[in-house]
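Written below as structure tokens is the structure these notes are about.
A quick note: this is a predicted structure, and the numbers were derived from the prediction, not measured. Side-chain atoms are counted along with the backbone in the values below, which use heavy atoms only and exclude waters and symmetry mates. Quick note: residue numbers are just sequence positions, from 1.
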Amino acid sequence: MEEMSKESKVRLTDARALRAYAHPTRMALVGLLRREGPFTATRAAELTGESVASCSYHLRMLAKYGLVEEAPTGGGRQKPWRATADFTNWPGYAEDPEVASAAQALTVAVVEHFFHRMTRAVEDRGTLPREWQEAERFTDTSLYVTPDELTALGEEIDALMARYADRVGDPARRPAGARRVPYLQIGYVAPEGT
């Protein structure tokens, strides 16, 4: 099996795969494998608080849709898993109503996932050193842009973020004092009246 290329992506376009990934435990497992993997279902249970049987089941479901795979081992009974890509994406628009519905459900699940994580971080931010509290970003603005301009803006932000991408999979590249910082990009068309 070839090593994952940097910035590799898996694209979900099947309604069943989209619905399978929308499960909170599965999203958590893929994220953990990308940051901490490879690891076994036993380690997954330790990291998530789920049972080993539950983690094993969810890992098999993720493998069915190409999001994780068994990692090469040196033998033995251990069965480690690894993520198949650094990122997962799915259609923002689909002609097929079943795919469109499943993609929307996954997007809502991801938003809820990040909302809960961000809420917990905000509740705990008082325990951070002052320099981290001052460095955190909580801001918003409204822009008037075309679809092409919004796409270009996202690509420019992606290019800026790429400067730090090699640190995710290689702890040796992280400078002293670096911490994991989820950085969300959300650009959406505001509903009328909001």
Side-chain angles (χ1 to χ4, degrees), residues 1-92 99 102-121 124 157-158 161-175 178-186:
M1 176 73 43
E2 291 181 7
E3 290 294 317
M4 285 188 291
S5 66
K6 274 292 172 214
E7 300 292 316
S8 62
K9 297 177 184 174
V10 61
R11 182 161 176 83
L12 301 179
T13 57
D14 177 78
R16 290 171 302 208
L18 292 162
R19 284 192 295 273
Y21 188 47
H23 191 283
T25 300
R26 293 179 193 149
M27 283 189 285
L29 285 169
V30 170
L32 286 166
L33 281 167
R34 288 176 178 158
R35 291 189 311 273
E36 314 273 338
F39 53 69
T40 64
T42 301
R43 178 69 179 138
E46 293 168 0
L47 292 169
T48 63
E50 297 284 325
S51 71
V52 174
S54 173
C55 288
S56 181
Y57 169 76
H58 289 304
L59 288 164
R60 287 192 311 273
M61 288 299 294
L62 290 165
K64 179 178 178 179
Y65 295 109
L67 291 155
V68 304
E69 64 189 5
E70 289 185 38
T73 64
R77 296 188 61 194
Q78 296 292 331
K79 182 174 163 181
W81 296 87
R82 68 179 179 187
T84 58
D86 297 319
F87 300 97
T88 304
N89 65 27
W90 55 94
V99 172
Q104 181 177 358
L106 175 54
T107 300
V108 169
V110 169
V111 168
E112 290 173 345
H113 175 74
F114 280 116
F115 175 77
H116 290 297
R117 286 176 49 189
M118 193 169 64
T119 300
R120 191 171 63 234
D124 293 344
I157 294 170
D158 288 346
M161 304 279 283
R163 290 191 234 168
Y164 308 98
D166 63 345
R167 297 176 182 182
V168 173
D170 187 356
R173 293 184 177 269
R174 299 173 193 161
R179 293 186 59 178
R180 189 171 71 84
V181 176
Y183 205 99
L184 305 177
Q185 287 186 57
I186 303 170

Give the C-alpha distance, both sets of side-chain angles, the deciding distance and a yes or no for side-chain contact (heavy atoms from CB on, under 4.5 Å) between Leu29 and Val68. CA-CA 9 Å; Leu29 285 169; Val68 304; over 6 Å; no
Heavy atoms of other groups near Gln104 CD, more than 12 under 6.0 Å: no
Might you confirm whether atom CZ of Arg117 has over 12 heavy atoms from other residues, nucleotides or ligands at distances under 6.0 Å?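 Counting neighbours around CZ of Arg117, more than 12 heavy atoms of other residues, nucleotides or ligands fall under 6.0 Å, so yes.
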Set out, in order, the CA-CA distance, both residues' side-chain angles and the distance that settles side-chain contact (heavy atoms from CB on, under 4.5 Å) for Leu33 and Leu67, then state yes or no. CA-CA 10 Å; Leu33 281 167; Leu67 291 155; over 6 Å; no
Give me the atom names and distance for the closest heavy-atom approach of [X] to [Y].
{"X": "Pro38", "Y": "Ala71", "answer": "CB-CB, 3.9 Å"}
{"X": "Ser51", "Y": "Ser54", "answer": "OG-N, 3.0 Å"}
{"X": "Ala22", "Y": "Ala109", "answer": "O-CB, 3.5 Å"}
{"X": "Cys55", "Y": "Ala41", "answer": "CB-O, 3.8 Å"}
{"X": "Ala103", "Y": "Pro91", "answer": "CB-O, 3.6 Å"}

Give a yes or no on whether the backbone of [Y] and the side-chain of [X] come within a donor-acceptor separation of less than 3.5 Å.
{"X": "Arg174", "Y": "Arg167", "answer": "yes"}
{"X": "Thr40", "Y": "Lys79", "answer": "no"}
{"X": "Thr119", "Y": "Phe115", "answer": "yes"}
{"X": "Thr84", "Y": "Glu69", "answer": "no"}

Before you tell me yes or no, could you show the steps for Arg26 and Tyr57 under side-chain contact (heavy atoms from CB on, under 4.5 Å), namely the whole-Å CA-CA distance, both residues' side-chain angles and the distance that decides it to 0.1 Å? CA-CA 10 Å; Arg26 293 179 193 149; Tyr57 169 76; 3.4 Å; yes
Excluding sequence neighbours, so at least two apart, what forms side chain to side chain donor-acceptor pair (under 3.5 Å) with Thr88? Arg34
With sequence neighbours left out, what residues match His113 under ring-ring contact (aromatic ring centres under 6.0 Å, His included)?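 Listed in chain order: nothing, the list is empty.
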How long is the straight-line distance from [atom2] of [Y] back to [atom1] of [X], given to the nearest 0.5 Å?
{"X": "Ile186", "Y": "Phe114", "atom1": "CD1", "atom2": "CZ", "answer": "8.5 Å"}
{"X": "Arg60", "Y": "Glu70", "atom1": "CZ", "atom2": "CD", "answer": "10.5 Å"}
{"X": "Glu36", "Y": "Glu46", "atom1": "CD", "atom2": "CD", "answer": "11.5 Å"}

Given side-chain contact (heavy atoms from CB on, under 4.5 Å), test Leu32 with Arg43 step by step and report yes or no. CA-CA 10 Å; Leu32 286 166; Arg43 178 69 179 138; over 6 Å; no
Measure the acute angle between the ring planes of Trp90 and Tyr21, then classify it against the limits of 30° and 60° as parallel, tilted or perpendicular. perpendicular
